[in-house]
Trainee: 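Sharing a structure below in C-alpha coordinates format, with a few things to ask.
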Amino acid sequence: MEIMPIDGNFAPIAPIAEPKLSGMSGTSVFDTVMSEIGRVNDKLVQAGDELRMVATGDANNLHGAMIAMEEAKLEFQLLLQVRNRFMEAYQDLMRMQV
Amino acid sequence: MDFEKAFAISASGMSVERTRVDVTAANIANAQSTRAVNGGVFRPMRVVSGEQRASFESFLSGGVRALPLNGAKVLQIANVDAAPRLVFDPGHPDANDKGYVSYPGVNQVNEMTNLVVALRAYEANVAAFNAAKVMALKALEIGGQ
(Lines give C-alpha, C1' and ligand atoms only; values in the text may rest on other atoms or scores of the structure.)
Protein backbone atom coordinates (compact mmCIF):
# COMPACT_ATOMS: atom_id res chain seq x y z
CA MET A 1 0.00 0.00 0.00
CA GLU A 2 1.42 3.31 -1.06
CA ILE A 3 1.37 6.20 1.30
CA MET A 4 0.71 9.51 -0.44
CA PRO A 5 2.38 12.65 0.85
CA ILE A 6 0.25 15.57 1.93
CA ASP A 7 0.63 18.16 -0.80
CA GLY A 8 -1.46 20.95 0.68
CA ASN A 9 -4.02 21.07 -2.09
CA PHE A 10 -6.94 21.01 0.25
CA ALA A 11 -10.10 22.87 -0.46
CA PRO A 12 -10.80 25.34 2.35
CA ILE A 13 -13.39 24.14 4.76
CA ALA A 14 -16.62 26.06 4.32
CA PRO A 15 -17.64 27.90 7.48
CA ILE A 16 -20.49 26.25 9.28
CA ALA A 17 -23.56 28.42 9.03
CA GLU A 18 -25.06 29.24 12.42
CA PRO A 19 -28.58 27.91 12.64
CA LYS A 20 -31.11 30.73 12.75
CA LEU A 21 -33.77 30.33 15.39
CA SER A 22 -37.08 31.41 14.08
CA GLY A 23 -39.34 33.44 16.33
CA MET A 24 -36.46 34.94 18.32
CA SER A 25 -36.51 38.31 16.59
CA GLY A 26 -38.40 41.23 18.11
CA THR A 27 -39.85 40.86 21.59
CA SER A 28 -39.00 37.68 23.40
CA VAL A 29 -41.45 35.59 25.33
CA PHE A 30 -39.98 36.84 28.57
CA ASP A 31 -40.67 40.47 27.62
CA THR A 32 -44.30 39.50 27.05
CA VAL A 33 -44.45 37.75 30.40
CA MET A 34 -42.86 40.71 32.15
CA SER A 35 -45.41 43.13 30.63
CA GLU A 36 -48.14 40.69 31.66
CA ILE A 37 -46.82 40.76 35.24
CA GLY A 38 -47.05 44.56 35.13
CA ARG A 39 -50.66 44.37 33.96
CA VAL A 40 -51.58 41.90 36.73
CA ASN A 41 -49.95 44.21 39.25
CA ASP A 42 -52.04 47.12 37.92
CA LYS A 43 -55.17 45.02 38.40
CA LEU A 44 -54.19 44.12 41.96
CA VAL A 45 -53.49 47.78 42.77
CA GLN A 46 -56.85 48.75 41.25
CA ALA A 47 -58.63 46.10 43.35
CA GLY A 48 -56.82 47.39 46.43
CA ASP A 49 -57.95 50.96 45.65
CA GLU A 50 -61.56 49.81 45.26
CA LEU A 51 -61.33 47.95 48.56
CA ARG A 52 -59.93 51.04 50.30
CA MET A 53 -62.77 53.12 48.86
CA VAL A 54 -65.30 50.65 50.28
CA ALA A 55 -63.58 50.77 53.66
CA THR A 56 -63.60 54.57 53.75
CA GLY A 57 -67.17 54.79 52.47
CA ASP A 58 -66.22 56.51 49.18
CA ALA A 59 -67.32 53.66 46.94
CA ASN A 60 -70.50 54.31 45.04
CA ASN A 61 -71.15 50.62 44.56
CA LEU A 62 -70.11 47.50 46.36
CA HIS A 63 -70.29 45.25 43.33
CA GLY A 64 -67.65 47.36 41.56
CA ALA A 65 -65.16 46.48 44.27
CA MET A 66 -66.08 42.80 44.20
CA ILE A 67 -65.80 42.65 40.41
CA ALA A 68 -62.41 44.40 40.49
CA MET A 69 -61.19 41.83 42.99
CA GLU A 70 -62.48 38.94 40.90
CA GLU A 71 -60.80 40.36 37.78
CA ALA A 72 -57.52 40.70 39.66
CA LYS A 73 -57.86 37.13 40.89
CA LEU A 74 -58.49 35.82 37.37
CA GLU A 75 -55.52 37.72 35.93
CA PHE A 76 -53.30 36.38 38.68
CA GLN A 77 -54.49 32.82 38.06
CA LEU A 78 -53.65 33.26 34.37
CA LEU A 79 -50.17 34.47 35.25
CA LEU A 80 -49.74 31.53 37.62
CA GLN A 81 -50.67 29.08 34.86
CA VAL A 82 -48.18 30.72 32.47
CA ARG A 83 -45.51 30.43 35.17
CA ASN A 84 -46.34 26.76 35.72
CA ARG A 85 -45.91 26.04 32.01
CA PHE A 86 -42.57 27.82 31.96
CA MET A 87 -41.33 25.90 35.00
CA GLU A 88 -42.44 22.62 33.44
CA ALA A 89 -40.53 23.43 30.25
CA TYR A 90 -37.45 24.46 32.25
CA GLN A 91 -37.48 21.28 34.32
CA ASP A 92 -37.91 19.15 31.21
CA LEU A 93 -34.82 20.83 29.74
CA MET A 94 -32.87 20.29 32.96
CA ARG A 95 -33.73 16.59 33.04
CA MET A 96 -32.55 16.16 29.47
CA GLN A 97 -29.65 13.73 29.02
CA VAL A 98 -26.50 15.27 27.55
CA MET B 1 -59.10 39.61 28.84
CA ASP B 2 -62.17 38.77 26.84
CA PHE B 3 -64.12 37.99 30.00
CA GLU B 4 -63.96 41.61 31.11
CA LYS B 5 -66.74 42.44 28.65
CA ALA B 6 -69.15 40.00 30.32
CA PHE B 7 -68.14 41.37 33.71
CA ALA B 8 -68.75 44.96 32.63
CA ILE B 9 -72.19 44.11 31.20
CA SER B 10 -73.22 42.35 34.41
CA ALA B 11 -71.89 45.28 36.45
CA SER B 12 -73.99 47.75 34.46
CA GLY B 13 -77.10 45.64 35.13
CA MET B 14 -76.28 45.57 38.84
CA SER B 15 -75.89 49.36 38.88
CA VAL B 16 -79.30 49.83 37.28
CA GLU B 17 -80.99 47.52 39.78
CA ARG B 18 -79.25 49.27 42.66
CA THR B 19 -80.63 52.58 41.42
CA ARG B 20 -84.08 50.99 41.21
CA VAL B 21 -83.85 49.91 44.85
CA ASP B 22 -82.63 53.38 45.88
CA VAL B 23 -85.52 55.09 44.11
CA THR B 24 -88.05 52.64 45.55
CA ALA B 25 -86.62 53.20 49.02
CA ALA B 26 -87.01 56.96 48.53
CA ASN B 27 -90.63 56.48 47.48
CA ILE B 28 -91.41 54.33 50.52
CA ALA B 29 -89.56 56.68 52.86
CA ASN B 30 -91.53 59.67 51.57
CA ALA B 31 -94.90 57.92 51.51
CA GLN B 32 -96.05 59.97 54.52
CA SER B 33 -94.25 63.21 53.59
CA THR B 34 -96.49 66.21 53.25
CA ARG B 35 -93.85 68.57 51.92
CA ALA B 36 -91.32 68.16 49.13
CA VAL B 37 -87.99 69.97 48.82
CA ASN B 38 -89.23 72.30 46.08
CA GLY B 39 -92.64 72.86 47.67
CA GLY B 40 -95.87 71.03 46.94
CA VAL B 41 -96.31 67.32 47.49
CA PHE B 42 -93.62 64.69 47.01
CA ARG B 43 -94.07 62.91 43.70
CA PRO B 44 -93.20 59.23 43.44
CA MET B 45 -90.37 58.43 41.04
CA ARG B 46 -89.54 55.52 38.81
CA VAL B 47 -86.37 54.48 37.03
CA VAL B 48 -86.36 54.35 33.25
CA SER B 49 -83.49 52.15 32.09
CA GLY B 50 -82.27 51.44 28.61
CA GLU B 51 -79.49 49.95 26.58
CA GLN B 52 -76.10 51.50 27.06
CA ARG B 53 -74.61 52.81 23.85
CA ALA B 54 -71.19 51.27 23.30
CA SER B 55 -68.40 53.79 22.99
CA PHE B 56 -66.64 54.28 19.68
CA GLU B 57 -63.40 53.36 21.39
CA SER B 58 -64.72 49.96 22.36
CA PHE B 59 -65.61 49.27 18.74
CA LEU B 60 -62.09 50.24 17.70
CA SER B 61 -60.36 48.14 20.33
CA GLY B 62 -62.66 45.18 19.77
CA GLY B 63 -62.04 45.11 16.04
CA VAL B 64 -64.14 42.86 13.88
CA ARG B 65 -64.58 40.37 16.70
CA ALA B 66 -66.56 42.87 18.78
CA LEU B 67 -70.12 41.75 19.27
CA PRO B 68 -72.79 44.44 19.40
CA LEU B 69 -73.48 43.70 23.07
CA ASN B 70 -74.34 46.59 25.32
CA GLY B 71 -74.97 46.84 29.01
CA ALA B 72 -77.84 48.68 30.64
CA LYS B 73 -77.93 52.14 32.11
CA VAL B 74 -80.35 54.47 33.84
CA LEU B 75 -81.79 56.81 31.22
CA GLN B 76 -83.84 58.96 33.53
CA ILE B 77 -85.61 59.04 36.85
CA ALA B 78 -89.10 60.08 35.89
CA ASN B 79 -91.81 61.43 38.16
CA VAL B 80 -95.02 59.44 38.28
CA ASP B 81 -98.18 61.45 37.78
CA ALA B 82 -100.07 59.98 40.69
CA ALA B 83 -102.88 62.01 42.23
CA PRO B 84 -102.09 62.95 45.84
CA ARG B 85 -103.95 61.11 48.57
CA LEU B 86 -106.23 63.52 50.46
CA VAL B 87 -106.73 62.86 54.15
CA PHE B 88 -109.10 64.90 56.29
CA ASP B 89 -107.00 66.18 59.19
CA PRO B 90 -107.85 69.81 60.03
CA GLY B 91 -105.30 69.96 62.85
CA HIS B 92 -102.36 69.24 60.54
CA PRO B 93 -100.11 72.24 59.78
CA ASP B 94 -100.20 71.38 56.05
CA ALA B 95 -103.98 71.05 55.87
CA ASN B 96 -105.63 73.18 53.19
CA ASP B 97 -108.50 75.55 53.88
CA LYS B 98 -110.99 72.67 53.70
CA GLY B 99 -109.02 70.67 56.27
CA TYR B 100 -107.51 68.14 53.85
CA VAL B 101 -103.83 67.14 53.92
CA SER B 102 -102.20 66.00 50.64
CA TYR B 103 -100.07 62.89 50.95
CA PRO B 104 -97.97 61.57 48.01
CA GLY B 105 -99.68 59.07 45.75
CA VAL B 106 -97.21 56.31 46.60
CA ASN B 107 -98.63 52.87 45.91
CA GLN B 108 -97.16 50.69 48.65
CA VAL B 109 -98.02 47.44 46.89
CA ASN B 110 -96.34 48.57 43.67
CA GLU B 111 -93.28 49.73 45.57
CA MET B 112 -92.89 46.42 47.39
CA THR B 113 -93.26 44.56 44.08
CA ASN B 114 -90.62 46.81 42.50
CA LEU B 115 -88.32 46.02 45.41
CA VAL B 116 -88.67 42.26 44.93
CA VAL B 117 -88.27 42.52 41.14
CA ALA B 118 -85.14 44.66 41.49
CA LEU B 119 -83.67 42.25 44.04
CA ARG B 120 -84.27 39.24 41.80
CA ALA B 121 -82.89 41.08 38.76
CA TYR B 122 -79.75 41.94 40.74
CA GLU B 123 -79.40 38.29 41.72
CA ALA B 124 -79.76 37.31 38.07
CA ASN B 125 -76.93 39.68 37.14
CA VAL B 126 -74.74 38.20 39.86
CA ALA B 127 -75.56 34.71 38.53
CA ALA B 128 -74.52 35.76 35.01
CA PHE B 129 -71.31 37.24 36.39
CA ASN B 130 -70.52 34.06 38.32
CA ALA B 131 -71.16 31.95 35.24
CA ALA B 132 -68.65 34.02 33.27
CA LYS B 133 -66.16 33.70 36.13
CA VAL B 134 -66.55 29.93 36.37
CA MET B 135 -66.02 29.73 32.62
CA ALA B 136 -62.81 31.74 32.86
CA LEU B 137 -61.52 29.58 35.71
CA LYS B 138 -62.37 26.44 33.75
CA ALA B 139 -60.45 27.79 30.77
CA LEU B 140 -57.42 28.18 33.03
CA GLU B 141 -57.68 24.51 33.94
CA ILE B 142 -56.98 23.46 30.35
CA GLY B 143 -53.87 21.33 30.29
CA GLY B 144 -53.50 21.28 34.05
CA GLN B 145 -52.83 18.11 35.95
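Letters A, B, ... are given to chains in the order of the sequence lines, protein chains preceding strands, and every chain is numbered from 1. Values below: all heavy atoms of this structure, side chains included; hydrogens, waters and symmetry mates excluded.
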Trainee: Side chain, backbone, both or neither: which part of B/Phe129 has a non-hydrogen atom closer than 4.5 Å to chain A?
Mentor: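 For B/Phe129, the side chain is the part near chain A, not the backbone.
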Trainee: Look at the side-chain heavy atoms of Ile, Leu, Val, Met, Phe, Trp and Tyr, link any pair under 4.5 Å apart, and say whether A/Met34 and A/Val40 land in one connected group.
Mentor: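 In one cluster: yes.
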Trainee: Are B/Ile77 and B/Val80 connected, step by step, through hydrophobic side chains (Ile, Leu, Val, Met, Phe, Trp, Tyr) whose heavy atoms are closer than 4.5 Å?
Mentor: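 Not linked; separate clusters.
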Trainee: Against chain B, work out which of A/Leu62, A/Asn61, A/Leu80, A/Ile67 has the most heavy-atom pairs shorter than 4.5 Å and name it.
Mentor: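 Option with the greatest count: A/Ile67.
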Trainee: Give a yes or no on this: more than 12 heavy atoms of other residues, nucleotides or ligands lie within 6.0 Å of atom CZ of B/Arg18.
Mentor: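 It does not: B/Arg18 CZ has 12 such atoms or fewer within range.
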Trainee: Treat each ILVMFWY residue as a node, draw an edge where side-chain heavy atoms are under 4.5 Å apart, and state whether B/Leu119 and B/Val16 are in one component.
Mentor: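 No; tracing contacts between hydrophobic side chains, which count when under 4.5 Å, never links both residues.
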Trainee: Hey, does B/Glu141 have a side-chain heavy atom less than 4.5 Å from the side chain of A/Gln77?
Mentor: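 In short, these two side chains do not touch, never coming nearer than 4.5 Å.
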Trainee: Does A/Met53, at its CE atom, have more than 12 non-hydrogen atoms belonging to other residues, nucleotides or ligands within less than 6.0 Å?
Mentor: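 For A/Met53, atom CE is crowded (more than 12 foreign heavy atoms under 6.0 Å).
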Trainee: Going by an N to O cut-off under 4.0 Å, is there a salt bridge joining A/Glu71 and B/Lys133?
Mentor: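 Here A/Glu71 does not pair with B/Lys133 in a salt bridge, since their nearest N and O are not under 4.0 Å apart.
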Trainee: Do A/His63 and B/Ser10 have a side chain donor and acceptor closer than 3.5 Å?
Mentor: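 Looking only at side-chain atoms, B/Ser10 and A/His63 do not form any donor-acceptor pair under 3.5 Å.
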Trainee: Please give me the minimum heavy-atom distance between A/Leu74 and B/Leu140, naming the atom from each residue.
Mentor: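 Distance-wise, the nearest heavy atoms are O-CD1, 3.9 Å.
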